Structure formats: structure tokens, C-alpha cells
Amino acid sequence: MSDEKREPLPNPAHIPEKLLKPYDPTETEPRIYKLWEESGFFNPDICVEKGITAPNAKPFTIIMPPPNVTGILHMGHADMIALEDVMIRYHRMKGDRTLWIPGTDHAAIATQSVVEKEILKKEDKSRHDLGREAFLERVHAFAKQSHDTIVSQVKVMGASCDWSREAFTLDNMRSLAVRTMFKKMYDDGLIYRGTRIVNWDPKGQTTIADDEIVYEERTARMYTFRYGKDENGELFPIAISTTRPETKVGDTAVAVHPSDERYTQYVGKTYKIPDFCGVPLTIKIVADEAVEKDFGTGALGVTPAHSMADWDIAERHNLPKIQVINEFAKLTIGDERIINKKSTVAREVIVEWLRAEGLLEKEEDIKQNISTAERTGGIIEPLPKLQWFINVNKAIPGREKNGKPQTLKDIMREPLADGKIKIIPDHFDKTYFHWIDNLRDWCISRQIWYGHRIPVWYKNAGTPNEEIFTGIEAPSENTNNVWTQDEDTLDTWFSSGLWSFSTLGWPEKTPDLATYHPTDVLETGYEILFFWVARMIMMTGYALDTIPFHTVYLHGTVRAADGRKMSKSLGNGINPLDVARDYGADAGRMALMVGASPGLDTKISYDKIKGYKNFANKLWNIARFVIHYTGADLITKPAELSTKDAILLAESDTLFAEITKEIEEYRFHLASEKLYAYVWHNFADIIIEESKPILGGNDTGAHASRAWLLQELLRRSLIGLHPFMPHITEELWSLIPKESDNLLIVTKWFSTEISKS
RNA sequence: GCGCGAUUAGCUCAGUUGGUAGAGCAACCCAUUUACACUGGGAAGGUCGCAGGUUCGAGUCCUGCAUCGCGCACCA
């Protein structure tokens with residue numbers, strides 16, 4: 001049959017006006033989002049109220065990783081929202097009691113430093129010029145504005161999250177959770193205050209956690225030398241190597257390996273050096289396993305106060321720990337040559353002195369990893385400081401498993417070891433365990449102002465009569481201001497660690513907590529596996545004796561088309577708002593989904609996005625065709641389908657069953673690709689093309705069968721695509737013939753649909 | 001140093017339990033008042049990083065190596 005024999009086109013009067021034009025996402029998407037918001041279906045309580053969800057339906061919960069209130073959303077956020085929205089919409093359509101809680105993160109250091117930079121740039125003032133209260137007002141104003149921008153962007157992406165439950169890591173409820181947790185851990189002896197070597201960021205003027213350090217490889221000059229002559233005029237017997245000669249004024253020992261015969265004769269002896277560039281030193285020779293025989297001279301100058309490893313050696317051998325560098329990275333010891341000088345300046349002075357004294361034996365360039373602060377780029381200066389820590393190795397009072405006391409480390413390790421929590425992709429397990437094995441106590445205090453202030457108060461601070469009060473609220477008998485609160489704030493990840501249950505109302509015993517916790521999936525980027533995922537597992541295990549979620553889905557980094565990270569300075573960034581404006585959020589979501597395997601980085605380009613904009617238009621035209629040729633009214637299923645149509649229907653049964661399985665098993669890249677391939681290259685290119693002669697022909701039986709099939713396949717395509725491309729599918733759903741008037745967002749997924757037909 | 005990942009068509013990547021290599025984009029040929037040019041049809045394109053091994057059969061499993069990327073540790 002050829003095209004010429006087709007009957008004249010039916011009058012297109014029954015085709016909705018807007019279907020006659022190409023699909024316009026810019027007009028459609030915001031309107032559809034508003035429609036959903038007004039329907040209330042983002043809130044599971046309303047779904048139950050309106051009879052969409054059974055009251056006893058299985059809950060499905062995702063807590064959104066809260067974007068930092070430091071600016072605007074990037075493609076990584078868009079990816080996160082797209083993935084989570086796919087899961088959420090799928091489960092909602094399946095009939096689960098589905099909850100997705102949105103929120104934002106105060107991101108203490110990150111936000112504070114953005115505002116500090118802005119104030120410095122615009123007003124040439126530091127936070128100290130403004131004072132704590134005035135400065136915090138500025139930060140709050142910035143955070144508020146940033147929050148509003150972020151919320152509007154999340155909405156543009158089509159996120160079907162429950163805004164009535166929105167949370168902020170620094171709001172009143174979360175603050176109560178933080179203080180409650182601090183007190184609980186303090187009372188259990190898991191939080192303690194102590195002097196330890198911390199990672200001090202001289203630029204940010206605060207401590208940072210081990211995992212906030214970024215290592216940069218640089219070439220450094222290593223000097224090999226001897227300290228000088230002892231009081232008897234004898235040259236110190238052992239040469240040592242260092243890249244930081246200025247710290248050597250704080251040395252109290254030289255450590256050698258116990259089995260190193262070169263130095264055995266000296267172990268145990270103490271040498272007094274009256275003049276090391278003006279500073280008297282007392283050096284004990286100790287034997288310690290931590291020393292590597294083959295590095296440098298095999299002897300390590302021990303500087304307890306300015307090196308983690310040396311601090312540990314000093315602890316083991318009971319050595320004095322002399323701090324010689326302060327918070328501004330300046331020397332605090334010596335004569336006018338070095339005192340109050342920057343460490344880099346003092347280094348030159350000491351090297352010159354060594355050279356002049358004939359003590360310098362060797363200089364060489366070595367590759368060195370230098371520690372820098374993630375947020376400020378400052379070079380980390382290890383310093384001993386009085387800080388608050390969480391002890392990860394202490395037995396938790398009253399907590400035992402198999403007769404053995406449990407530590408916080410155990411709580412982090414066990415759910416993964418037992419398979420109660422599954423990471424996708426699973427090879428991240430190994431990284432996770434490795435991290436836990438190397439974990440040290442977590443330094444949780446920060447010398448910044450923006451954040452949760454440490455809920456500890458002191459009376460007679462700094463005196464022998466000092467009293468400490470830790471509480472959820474300030475001490476009540478504070479009429480004369482005898483109690484002063486700790487100046488420091490908590491590491492932002494402390495509040496993030498509570499996120500999976502603080503968002504559900506903890507420490508109150510709320511119905512939400514009972515219904516939706518443990519949550520189901522945590523979807524996030526692999527780069528915060530330790531920062532965040534491990535801490536949530538720890539905090540939840542400790543506070544609730546359960547897991548925060550059963551599945552961790554890790555997505556990769558969204559990169560620019562050139563494979564590099566997107567950045568402002570490179571100018572290779574893609575802004576989700578521009579994507580939504582020019583191509584539609586649906587197209588952007590599909591582009592992020594197709595071909596993005598879990599845990600692997602993915603590249604995105606306007607070319608790719610454009611492909612899915614074309615796909616949206618294809619879907620639009622499929623709907624136009626089907627309505628055009630089969631009418632705007634619902635066709636009832638014929639008693640008997642043509643043989644061919646029965647096969648096509650069965651094929652689609654199989655396909656949608658496969659897609660359901662792919663979604664269930666977190667293979668969104670395959671689900672989306674299969675949908676795309678089917679709708680375009682099967683439904684449109686083959687089935688619709690074949691239908692033209694049938695619909696124009698004289699075989700009324702075949703015509704009726706095919707007309708019904710086309711409408712049915714269109715409905716199925718929209719249902720299947722809805723989690724991925726929610727706006728256009730919802731819009732088309734409103735225009736096509738169907739049995740129920742329900743919005744697509746709450747239309748039943750295939751399990752029931754397919755078995756019915 | 002330890003660990004993880006990647007290596008498949010020109011480019012970007014799929015390929016879930018081993019069974020004749022797939023898609024999108026680009027390039028090539030053809031079509032053009034067709035639901036749609038935000039289009040359709042066609043053809044072309046691959047020793048699946050290298051070397052071994054297991055197997056009737058390996059892109060897929062095992063061993064080793066190489067290159068790239070990442071994490072951790074060291075960083076005197």
C-alpha cells in the first residue's frame with residue numbers, strides 16, 4: 001500500500017491547539033511544576049489523604065544531600081536531583097509512600113570564607129573589624145539569599161520533593177539535634193577536649209579535619225646537617241635531614257630505627273647543644289619503629305609540636321613538646337634573627353647560619369606532597385592546640401556486640417561488612433574500609449564564627465578553678481554572666497552527620513521518624529563518601545542503633561566535554577538554568593542520565609543535551625500523530641487484536657518489564673537509553689510508519705486494532721518516561737485519551753497496567 | 001609504597017549470569033509540501049590496551065604488564 005491511497009487527513013479540529021506547534025519547554029515546564037505543587041502530591045501525607053497511596057503502603061524515603069548555601073547550583077547538583085527524582089517518581093507511581101526531603105547546608109567554613117572575601121573586597125574589612133554579631137548578620141543574609149536561589153533552581157529541575165518538610169543544617173530543629181547529640185556523646189565520654197596536633201590553616205585561622213586537606217606535589221629543598229657542637233665542643237654525632245630547618249629549634253630528640261646498627265651506640269644518650277642559631281637544644285637519641293632506615297640519613301630530628309608523626313614519637317618516649325611556631329606561621333623562639341619571623345624567612349636565616357657554621361652537609365631537591373587547606377588554599381601548619389575531638393576508638397558505654405564492646409569505628413564498619421548497607425558500585429567498599437582503618441580521632445572544633453556554637457560553658461576559665469558545663473541549653477544560673485560559652489563552632493560535617501534523622505524530627509520521637517527511618521537510598525557523589533556517608537552511618541548507629549539507609553548510590557563527577565572539571569576560570573561550565581531555558585530541564589535530565597554509569601565520571605555537552613531536546617520534540621509529534629489519526633477519544637480495546645499488534649503489545653510488555661528491572665537495580669543509564677531507543681526507533685520509526693497504510697486502509701478490524709494499540713503504546717511511553725522527563729510527559733498526559741483524569745505523577749506504574757491489558 | 005577505576009568504531013560511551021561486537025554524535029550516500037528537518041532511509045566504520053592462562057567457546061573469568069585518572073599513606 002502506498003501513501004497516495006491514504007484517505008484525506010481527518011479534520012485536525014480535535015487536535016489540541018498547542019500540539020500543532022513544536023514543543024516549547026520554556027513555557028511548559030514552570031507551568032507543570034506549579035500544577036504539581038498545587039496538587040500537593042509531593043507530600044506523601046496528601047497522597048494518602050487523596051486516596052492515591054494506601055495508608056499502609058511501604059515507605060520509600062530519600063533525604064536530599066543539602067547543597068551548600070555558597071552560591072548557585074551546578075551540573076553536579078542537577079545530576080543529583082535528576083537521579084533522585086527518577087527514583088522518587090518511580091516509587092510514587094508504584095504506589096509507595098514516597099518522601100523526598102529537600103534542604104540546604106550552612107557549610108560553615110565555605111560560606112564564611114565566601115562572605116569574608118566579599119567584605120574584604122568591597123569594604124576592605126575583616127570579620128574582626130565587624131565583630132562576631134555584625135559579621136554573622138552578614139553571613140545569614142548571604143545564606144538566606146543563596147538559599148532562595150538554590151530552591152528556585154531545584155524547582156526548575158523538576159524535583160518532586162516535599163517542600164513542606166524542608167530543612168536547613170543550621171535551623172532551630174537541626175540546632176537542637178546537634179546540641180542533643182553533642183551532650184550525649186560528651187556524657188558517654190566520646191567527645192573530649194585535649195591538646196593535640198591539629199591541622200592549622202594560617203590563612204583561614206582555623207583548624208581543619210584530616211579529610212579537608214588537599215595534597216599538592218611540589219619540589220622542596222631538603223637539607224642534611226648536624227645541630228652543632230655540644231657543651232664539650234664535640235660535634236653532634238648524627239646528621240639529620242629536613243625540608244623545614246626553621247622547625248628544628250623545637251627539636252627535642254633524634255629518632256633512629258631500633259635495628260639500625262649505625263646508631264645503636266648513641267641510643268639513650270642526651271646531648272646539650274648550647275647554640276643552634278641562638279637557641280639552646282637538648283636532644284635525646286631514641287629508638288623508634290616509625291623511622292625508616294633508608295630515608296635520608298636514617299635519623300629523624302623529632303619536632304614534637306609541629307609534626308603528627310613526631311608528636312606520636314614524643315608521646316611514646318615521654319619527650320618534651322616545645323611549640324616554636326604560632327597561629328600566624330611565625331617563629332615564637334630565638335633571638336632577633338628569627339623570632340617573630342615568618343617560617344619561610346626563618347628557614348633562610350637558619351640555612352645561612354648552618355652554612356656559615358659548616359654544619360650543612362648536603363642540599364637536594366625532592367618531590368614532596370604539601371598539605372593545603374581545601375577551602376582557603378593555605379599551607380597547613382601542624383600545631384598543638386586545645387581542641388574538641390570525637391574518640392573513634394573508645395568503647396561506647398552500654399554498647400556491646402557478640403560480647404565485645406563497640407567503638408564508633410565498629411559502628412561505621414559493621415553495616416557494610418554485614419551487608420546491611422550496600423554501596424553502588426560495590427568496589428567503593430574497599431576504599432571505605434581502608435579509610436576507616438586509617439581513621440584518627442575527629443577534630444570537631446573550628447575557630448570560625450558561622451556554624452553551631454559548641455554547647456559548652458566555662459566558669460573561671462583558664463584558672464585552676466575552671467568549671468565546665470555541657471548542656472543542650474545554657475546553664476540556668478547565669479545571672480551574673482559567670483558562665484561564658486566556648487568561642488568555637490562545630491565542624492559543618494557534625495550537623496551533616498545527623499542529616500538522615502535530624503530532618504525527620506530527631507531528637508523528638510516524631511511520626512515521620514517512625515515511618516520513614518531508616519531511609520532507603522542515599523544518592524551522592526563519591527567524593528564525600530568519607531566526609532559524609534561514613535559520618536551518617538556513625539551518628540545514626542550511635543544515636544538510633546540502626547542504619548541511616550540501606551543503599552548508597554554514588555554518582556560520578558559531571559565534567560565538561562573536554563573531560564576537565566567545569567570551572568569558572570576555564571569557562572567550560574554549563575549552567576543548569578541555561579540548559580533549562582534553552583533546551584528544557586527534561587532534555588538536561590536525560591542527557592545526564594543516558595550513558596552515565598554509577599560511580600563513573602560523565603561528560604556533558606550542549607550537543608548531547610540538544611539530542612534530547614530533539615527527542616522531546618519527537619515525543620511531542622508522536623502524540624500529535626496518534627491523536628490526529630486515532631482521534632481525541634479513548635478507544636476501547638478490541639476483543640481481538642491483529643496478530644501483528646498482539647506481538648507488538650507483548651514486545652512492549654517485555655520492554656517495560658525490563659525497564660522496571662533496570663530502575664529497581666539502579667541502572668538508570670540503561671533504563672533511560674532503552675526508553676529512548678524504543679520510543680524513537682521502534683515506536684516512531686517502525687510502528688508508526690507501518691501504521692500509516694493500516695489507518696488509511698479499508699480493513700476495519702486491522703484499523704481498530706492498530707488505533708487502540710497506538711493509543712496504548714503512547715500511554716505506556718509517557719508512563720515509562722515520566723520519571724526521566726517529567727514535564728513533557730505530564731503535559732502530554734493532559735492532552736491524550738486515557739481512562740482516568742489523574743495527573744501522570746500519580747498514575748500507576750506498569751506492574752498493574754500491563755497485566756490488565 | 002598500598003588500593004580503586006578506566007582502556008571497545010574518528011569522538012562520547014553501553015555491553016548485568018562467558019555464547020556471532022552495540023548506541024548516540026561526527027563523517028558518507030539517498031530522500032524531501034511526510035506527525036516531525038528538532039526529519040526519514042541506507043551503507044561504512046572495531047585483532048574490544050598488550051602478553052599469557054582457564055574453557056568447546058573470553059570484551060566478559062584468572063595472572064602479569066603498560067598508559068591515563070582517582071583515593072589513601074609517606075612527606076625527616
Side-chain angles (χ1 to χ4, degrees), chain A residues 3 6 9 12 15 19-23 210-211 213 215 217-218 220 222-224 239-245 247-248 251 254-256 290-292 295-303 307-310 313 366-371 425 427-439 526-527 529-530 556-557 559 561-563 583-584 587 591 594-597 599-605 607-608 610-629 658 661-662 665-667 669-670 672-674 676-677 680-681 684-686 688-689 691-692 710:
Chain A
D3 286 359
R6 248 189 285 151
L9 303 182
I15 302 181
L19 261 187
L20 295 171
K21 287 180 282 187
Y23 175 57
D210 291 346
D211 39 20
I213 290 174
Y215 294 100
E217 194 177 274
R218 290 191 195 170
M222 187 163 77
Y223 305 92
T224 301
I240 57 160
S241 302
T242 184
T243 53
R244 300 201 56 192
T247 65
K248 298 288 109 182
D251 280 15
V254 164
V256 298
V291 181
E292 263 184 61
F295 191 95
T297 61
L300 163 67
V302 181
T303 321
S307 152
M308 299 267 181
D310 293 9
I313 293 174
I366 60 159
K367 286 256 181 268
Q368 194 188 35
N369 279 326
I370 189 159
S371 312
H427 65 253
F428 279 102
D429 283 11
K430 236 177 168 165
T431 322
Y432 182 87
F433 290 128
H434 186 240
W435 177 79
I436 291 177
D437 292 341
N438 286 302
L439 188 63
Y526 59 73
E527 69 277 3
L529 185 60
F530 312 134
T557 305
R559 293 171 178 277
D562 58 11
Y583 303 90
V594 178
S597 301
L600 293 185
D601 290 356
T602 175
K603 294 183 184 117
I604 191 128
S605 63
D607 276 349
K608 191 172 179 187
K610 197 174 164 217
Y612 295 100
K613 188 195 176 186
N614 295 351
F615 177 57
N617 197 56
K618 177 57 96 172
L619 188 62
W620 191 254
N621 278 294
I622 289 171
R624 184 200 300 178
F625 177 90
V626 172
I627 295 180
H628 195 147
Y629 291 99
E658 263 176 52
K661 192 163 176 256
E662 303 292 16
E665 295 174 7
Y666 305 96
R667 289 186 294 265
H669 61 301
L670 295 185
S672 51
E673 198 180 329
K674 284 181 180 178
Y676 172 88
W680 196 321
H681 300 300
D685 289 350
I686 299 174
I688 285 185
E689 288 306 320
S691 302
K692 290 174 183 173
L710 289 176

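Please read all numbers here as calculations on a predicted model, not as lab measurements. Proteins get letters first, then strands, A, B, ... in listed order; numbering begins at 1 in each.
Counting any heavy atom pair closer than 4.0 Å across all strands shown, E292(A) reaches a base atom. Counting any heavy atom pair closer than 4.0 Å across all strands shown, S597(A) reaches sugar-phosphate atoms only and no base atom. Contact annotation for I366(A): no contact, since no heavy-atom pair falls under 4.0 Å across all strands. Here S307(A) lies out of heavy-atom contact (under 4.0 Å) with every strand. Base engagement by A684(A) is indicated by at least one non-hydrogen atom pair under 4.0 Å involving a base atom. Residue-level contact check: R667(A) touches the bases, meaning some heavy atom is under 4.0 Å from a base atom. Nucleic acid contact class of V626(A) (heavy atoms, under 4.0 Å, all strands): none. The residue D685(A) sits close only to the backbone: its heavy atoms come under 4.0 Å of sugar-phosphate atoms, none of a base. Residue G296(A) is out of contact with every strand shown, counting any heavy-atom pair closer than 4.0 Å. In this structure, K603(A) reaches the sugar-phosphate backbone alone: every heavy-atom distance under 4.0 Å involves primed, P, OP1 or OP2 atoms, never a base.
Comparing A27(B) with G18(B), their C1' atoms sit 35 Å apart, to the nearest whole Å. Taking the C1' atom of each, G45(B) and A21(B) are spaced 13 Å apart, rounded to whole Å. Going from the C1' atom of G19(B) to that of C65(B) covers 29 Å, rounded to whole Å. The separation of U63(B) from C70(B), taken at their C1' atoms, amounts to 24 Å, rounded to a whole angstrom. Here the separation of U7(B) from G46(B), taken at their C1' atoms, is 14 Å to the nearest Å. Look at the P atom in both G49(B) and A26(B): the space between them is 26 Å, to the nearest Å. Separation of the C1' atoms belonging to U54(B) and A73(B) is 36 Å when rounded to the nearest angstrom. Between A9(B) and A14(B), the distance separating the two P atoms is 12 Å to the nearest Å.
Across the protein-nucleic acid pair, Q368(A) atom CD and C75(B) atom C1' stand 6 Å apart, rounded to whole Å. Nucleotide A73(B) holds its P atom 18 Å from the CZ atom of F433(A), rounded to whole Å. Separating the CD1 atom of I604(A) from the P atom of U12(B) is a distance of 15 Å, rounded to the nearest angstrom. Look at CD1 on I313(A): it is 9 Å from P on C75(B), rounded to the nearest Å. Atom CD in E527(A) sits about 15 Å away from atom C1' in G69(B), given to the nearest Å. For L19(A) and C36(B), the CG to P distance is 12 Å, given to the nearest whole Å. If you take CH2 of W680(A) and C1' of C25(B), they are 12 Å apart, rounded to a whole angstrom. In this structure, H669(A) atom NE2 and U16(B) atom P are separated by 10 Å, rounded to whole Å.
Among C75(B), G24(B), C36(B), the nucleotide with an atom closest to any side-chain atom of A309(A) is C75(B). Counting only heavy atoms from C-beta on, T431(A) has its side chain closest to G71(B) among A14(B), G71(B), G24(B). Of all nucleotides listed (G41(B), A35(B), A23(B)), A23(B) comes nearest to the side chain of E673(A). Of the candidates U34(B), U16(B), G3(B), U34(B) carries the atom nearest the K692(A) side chain, counting heavy atoms from C-beta on. If you check C38(B), A73(B), A14(B) against the side chain of N617(A), the one that comes closest is C38(B). Side-chain proximity of H427(A) to C4(B), G71(B), A6(B): nearest is C4(B). The side chain of Y215(A) approaches A73(B) more closely than any other nucleotide in the set C36(B), A6(B), A73(B). Side-chain atoms of F625(A) lie closest to A35(B) of the nucleotides C38(B), A23(B), A35(B). When distances are taken from the side chain of S371(A) to each of C75(B), C4(B), C13(B), the shortest belongs to C75(B).
With a 3.5 Å ceiling on both atom-pair distances, the Watson-Crick or G-U wobble partner of G5(B) is C68(B). Across all strands shown, C28(B) forms a Watson-Crick or G-U wobble pair with G42(B), both key distances being under 3.5 Å. A 3.5 Å limit on both hydrogen-bonding distances identifies no Watson-Crick or G-U partner for A35(B). Under the Watson-Crick or G-U wobble criterion, with both distances below 3.5 Å, U12(B) is paired with A23(B). Here G52(B) sits opposite C62(B) as a Watson-Crick or G-U wobble pair (both hydrogen-bonding atom distances under 3.5 Å).
Using a 30° and 60° split on the angle between ring planes, F428(A) and Y526(A) fall in the parallel class, below 30°.
With RNA chain B read from its 5' end, the first of the two nearest nucleotides for N369(A) and L670(A) is the one closest to L670(A). Mapping G611(A) and K608(A) onto RNA chain B by nearest heavy atom places K608(A) at the nucleotide closer to the 5' end.
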Inset, instruction - List the steps, then state whether side-chain contact (heavy atoms from CB on, under 4.5 Å) holds for I688(A) with Y629(A). - result: CA-CA 11 Å; I688(A) 285 185; Y629(A) 291 99; over 6 Å; no
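At the phosphate of A35(B), OP1 or OP2 sits under 4.0 Å from a side-chain N or O atom of Y629(A). Between G3(B) and K430(A), no contact under 4.0 Å exists linking OP1 or OP2 to a side-chain N or O.
In this structure, L529(A) and W435(A) have side chains that are not in contact, with every pair of non-hydrogen atoms separated by 4.5 Å or more.
The minimum heavy-atom distance linking L20(A) with R624(A) is given by the pair O-NH2, 3.3 Å.
Using modelled atom types, one side-chain atom of S307(A) and one backbone atom of D310(A) make a donor-acceptor pair closer than 3.5 Å. Using a distance-only test at 3.5 Å, with no hydrogens or angles considered, a donor-acceptor pair links the side chain of K248(A) to the main chain of G301(A). In this structure, K608(A) contributes its side chain and A591(A) its backbone to a donor-acceptor pair below 3.5 Å. In this structure a side-chain-to-backbone donor-acceptor pair under 3.5 Å is present from N438(A) to H434(A).
The structure places NZ of K430(A) at 11.0 Å from NE2 of H427(A), a figure rounded to the nearest 0.5 Å.
If you check distances only, the side chain of K618(A) does reach the base of C36(B) with a donor-acceptor pair under 3.5 Å.
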